[in-house]
Amino acid sequence: MRVRLFSFRLANIRRVWYWLLVPLLFAGCRDTATGDISDTADYYYFSGLDALRSGSPINAERFFRLGAQHGSPVFSRRCGEELVKLGAPEERVREALRFAGTWQDNDARLTAARACFAAGKLGRILTITQDIHRDTPGQAPPELVYLRLTALLRKDNRDFSSECSPWLTETPFTRYHQALCTELFAPGMAEKLSEGTIALARFRSALFRRSYGEAAALLTGILANHDDPAAFAAALPAVLVSDLGRTLLYGQSDSEKPIDFVKNALFCERTARLAQNDETAYAALFYAGRLYDRSGEKNALIAAERFLEAVQRAPTPGQKDDALWYYLTILLKSSPDEVLQALPRLPAEISNRRAFQGFFENLAARLFQDARWEAFYRIAPTVIALSGTGTGSKYAYLAGRLVETGLVKPAEIDDPAGAAQTWFRRACESGDDLYYKLLAASCLDSGGNTQVKTIAFTAASTANTPAADSADQGLGRLLRGYAEFEFPERVYSEWLKERERIGADVGMALAEYLEQSGDEVFQVQGIRIALYSAAGTPLSPDSREWRLLYPRFFLEEIEDAAAESGLPDYLLYALVRTESLFERTASSHAAARGLTQLMPETAADIARRLGVGVYDVDDARTNLRFGAWYLADLTKRLDGAILPAAFAYNAGLNRVRTWIRASKLPDTAPDLFLESLPYAETRDYGRRLLAAAAAYGQLYRDILPEGMVSYILGKGDSP
């Protein structure tokens, strides 16, 4: 999948004669599925963008108008969108109406309605949106409905109440609902809707603002107006029952009294029993489970039962997955044995397998922390069948290692070494997790390290991006055009919006273009595009695409830091990629800063020990020097062990020493020790660091994965 980069420049497209002649050249040219963009009418779009960049809106308008008339659908639409932004307000309104009439979908209506709203043309908004109130509530974009309802409200239109009431009470509450409520709650506006609708709107508004106490007080007032509050709740739309459940879970009108979770759970249970449809019953049962769970361990099994009921009533696969996840999580908190008994009964229940990776990660950690090797081994085949490729490779590898190390000795296995090899092959063949594939491939008796490299660096089996024949070719041409005609600032936002329709080949081409831009912001965007696009893409071990996934930005600074600290450069590249993805200005919620994510107090201590008086932790060279020194120091203090040092870099040295002392694993199994760590973040950190170090060593130092894995796991010297 080698990509072609573009070096075309737009030096000539601003020539005056161009816009006079191109209509003759491109008139009627619509078949643009193949060929260079510069040979088609789609070229007008980029000519218009370049004219805007050059400060020539008049020429830009001419190009966009030609593109809207002659370009292929994707480019014609983009040209129309640009025309709506040009000219005086009256001109924008005319273009907006023309645009909506041409494309006739809700996105086009929204573009037009925004322009009309900005120009104060409320009547035009009503014309554009005249049919959307006939849609099922929630089907039209919330912003579009908001603009229509605001226009109806300000024009005192008699249709306002009949259209607004179901929108406020039957659809998921958004910032646009909140914006409309702000107007409705103003003095003198309450009569626009019924008293009941206003009360529900005030309740939902408070909940949206996370004013849980206010929401609880409003809900108490609403329910007090009904003889049978549960029957009233059971007749509400499902979204309102969800809001009710969330308020009972988090809100308390009387701050002096604790929330009575059991009482609230019983209310939700009764609501579910009275509900006439699955949507409402599911919402009530789901929150009954949440409330019982919050009430304490004594009600854990009741909570699990309510979630299991919710699974049976779930109206959509996604909602079934949500209830099932809570069901399994509660069982795990109560007793892993409950989970081990439940899992074999669930193969047909899970819809989105990747959504359960976190749960299966927690299950493995719990079993490893409790030294329940046999239980893990027995459940591994079931988890592999349920969980998808990422977790499947993990469980297969760990099952093989438990056999290989003798931590489990199944009576049915005559040849433990052969059984372990079978598990390792399974991890390599079915997995998409580079970390576990590296480890499994390194454990295989493969007949040569070259084969290990090929196995480990074969890409994932499940793609994020569509196959080439199903990707949107028009969007692909558009994004390639941004690269070809040098509009890097438009690449990432457009790709992010449309990434599920963009083929991997286009994604990797964009990543390469942004990598070579020389701009740090664009380069980081390129890595993100490459990471998403490469999932599921068959990449050879030595392909250019691997270098897009593992680039060497800040090369001079990292090489210098490596030389000073005595650490190999590939380990520092892995550190920076894992910590910040090469984003110089990265910061964490805990206040860690820069490329190596140093905490302020850690940076100050390092500066003191290095004899540096004045320093800037945001300076790339300083940050890299300090981060490398810190990792090297941790490695020395942990007897040269790289992986535990990485754990300490993430979670702190004292914690890691405590974990080591409490471990029930042999010192020769640092990979299994990783699985027993109590912090999911630290477990994931260690995996990503090892995988990245192996990738950098292979790509830039020709170090085969087996040697790298051995070094990181503490079984040998640096290759």
Side-chain angles (χ1 to χ4, degrees), residues 6 8-33 35-119 121 124 128 472-491 493-495 497-498:
F6 307 103
F8 189 88
R9 298 294 185 271
L10 298 180
N12 297 321
I13 68 173
R14 291 188 293 274
R15 294 180 182 177
V16 175
W17 57 265
Y18 182 81
W19 63 265
L20 293 172
L21 294 179
V22 285
L24 299 176
L25 296 174
F26 295 142
C29 181
R30 287 190 174 274
D31 184 9
T32 57
D36 290 338
I37 295 175
S38 56
D39 295 332
T40 72
D42 294 342
Y43 190 46
Y44 290 128
Y45 174 64
F46 299 105
S47 301
L49 292 180
D50 191 69
L52 283 179
R53 186 163 57 185
S54 301
S56 181
I58 295 176
N59 281 339
E61 180 184 350
R62 291 166 177 158
F63 285 128
F64 289 139
R65 204 168 296 284
L66 289 168
Q69 181 179 358
H70 299 293
S72 61
V74 168
F75 289 85
S76 174
R77 182 162 188 148
R78 291 301 190 280
C79 286
E81 290 171 346
E82 293 296 331
L83 286 170
V84 174
K85 303 174 187 177
L86 297 175
E90 288 290 344
E91 296 175 276
R92 296 183 184 188
V93 169
R94 283 196 297 272
E95 290 297 338
L97 295 174
R98 184 181 295 117
F99 182 75
T102 299
W103 297 102
Q104 297 185 355
D105 57 37
N106 280 336
D107 286 342
R109 292 188 186 102
L110 179 56
T111 297
R114 286 170 177 162
C116 293
F117 191 80
K121 304 295 184 182
R124 295 287 193 181
I128 294 167
D472 190 314
Q473 300 302 318
L475 286 173
R477 283 170 50 79
L478 174 69
L479 284 160
R480 284 183 182 273
Y482 287 138
E484 182 173 353
F485 301 119
E486 299 189 12
F487 292 97
E489 70 280 1
R490 289 179 175 260
V491 169
S493 59
E494 185 82 45
W495 173 85
K497 182 173 63 176
E498 305 286 0

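In this text the structure is predicted, and so the values were computed from the model without any measurement. Just the heavy atoms: all of them, side chains too, but no hydrogens, waters or symmetry mates, feed the values below.
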Check ion pair [X]-[Y] (N to O, under 4.0 angstrom):
X     : Y      : value
Lys85 : Glu95  : no
Glu61 : Arg65  : yes
Arg53 : Glu486 : no

Which residues pass the side chain to side chain contact (heavy atoms under 4.5 Å, CB included) test with Arg92, sequence neighbours left out?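 With neighbours one apart ignored, the set is empty.
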
Look up atom [atom1] in [X] and atom [atom2] in [Y], then write down how far apart they are to the nearest 0.5 Å.
X      : Y      : atom1 : atom2 : answer
Glu498 : Leu479 : CD    : CG    : 8.0 Å
Cys116 : Leu97  : SG    : CG    : 4.5 Å
Thr111 : Phe99  : OG1   : CZ    : 5.0 Å
Asp42  : Arg78  : CG    : CZ    : 11.5 Å
Tyr482 : Glu489 : OH    : CD    : 9.0 Å

Is there side-chain contact between [X] and [Y], with heavy atoms separated by less than 4.5 Å?
X      : Y      : result
Thr40  : Ser72  : no
Leu52  : Glu82  : yes
Leu110 : Asn106 : no
Val84  : Arg114 : no
Arg62  : Tyr44  : no
Trp103 : Ser76  : yes
Asp107 : Arg77  : yes

Spell out, as yes or no, whether a donor-acceptor pair under 3.5 Å connects the side chain of Gln104 to the backbone of Gly101. yes

Do the side chain of Ser54 and the main chain of Ser56 share a donor and acceptor less than 3.5 angstrom apart? no

Shortest non-hydrogen contact between [X] and [Y], atoms and distance:
X     : Y      : value
Val93 : Ala115 : CG2-O, 4.0 Å
Gly67 : Cys79  : CA-SG, 3.7 Å
Ala96 : Ala112 : O-CB, 3.3 Å

Apply the test side chain to side chain contact (heavy atoms under 4.5 Å, CB included) to residues Val74 and Arg477: give CA-CA distance (whole Å), side-chain angles for both, the deciding distance (0.1 Å), then the verdict. CA-CA 9 Å; Val74 168; Arg477 283 170 50 79; over 6 Å; no

Does Glu91 have any salt bridge (Lys or Arg N to Asp or Glu O under 4.0 Å) partners at least two apart in sequence or in another chain, and if so, which?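 Salt bridge (Lys or Arg N to Asp or Glu O under 4.0 Å) check on Glu91 returns nothing, list empty.
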
Can you label the angle between the Phe485 ring and the Tyr43 ring as parallel, tilted or perpendicular, going by 30° and 60°?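 Phe485 vs Tyr43 ring planes: tilted.
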
For Arg124, look at atom CZ and say whether over 12 heavy atoms of other residues, nucleotides or ligands are found less than 6.0 Å away.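 At most 12 heavy atoms, drawn from other residues, nucleotides or ligands, come within 6.0 Å of this atom.
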
Quick one, Tyr45 with Phe63, criterion side chain to side chain contact (heavy atoms under 4.5 Å, CB included). Give me CA distance, side-chain angles, the key distance, then yes/no. CA-CA 7 Å; Tyr45 174 64; Phe63 285 128; over 6 Å; no

Taking the ring of Phe46 and the ring of Phe75, is the distance between their centroids below 6.0 Å?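 Yes, the ring of Phe75 comes within the 6.0 Å limit of the ring of Phe46, centre to centre.
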
Arg490/Leu49 under side chain to side chain contact (heavy atoms under 4.5 Å, CB included): CA gap, chis, key distance, verdict: CA-CA 11 Å; Arg490 289 179 175 260; Leu49 292 180; 3.3 Å; yes

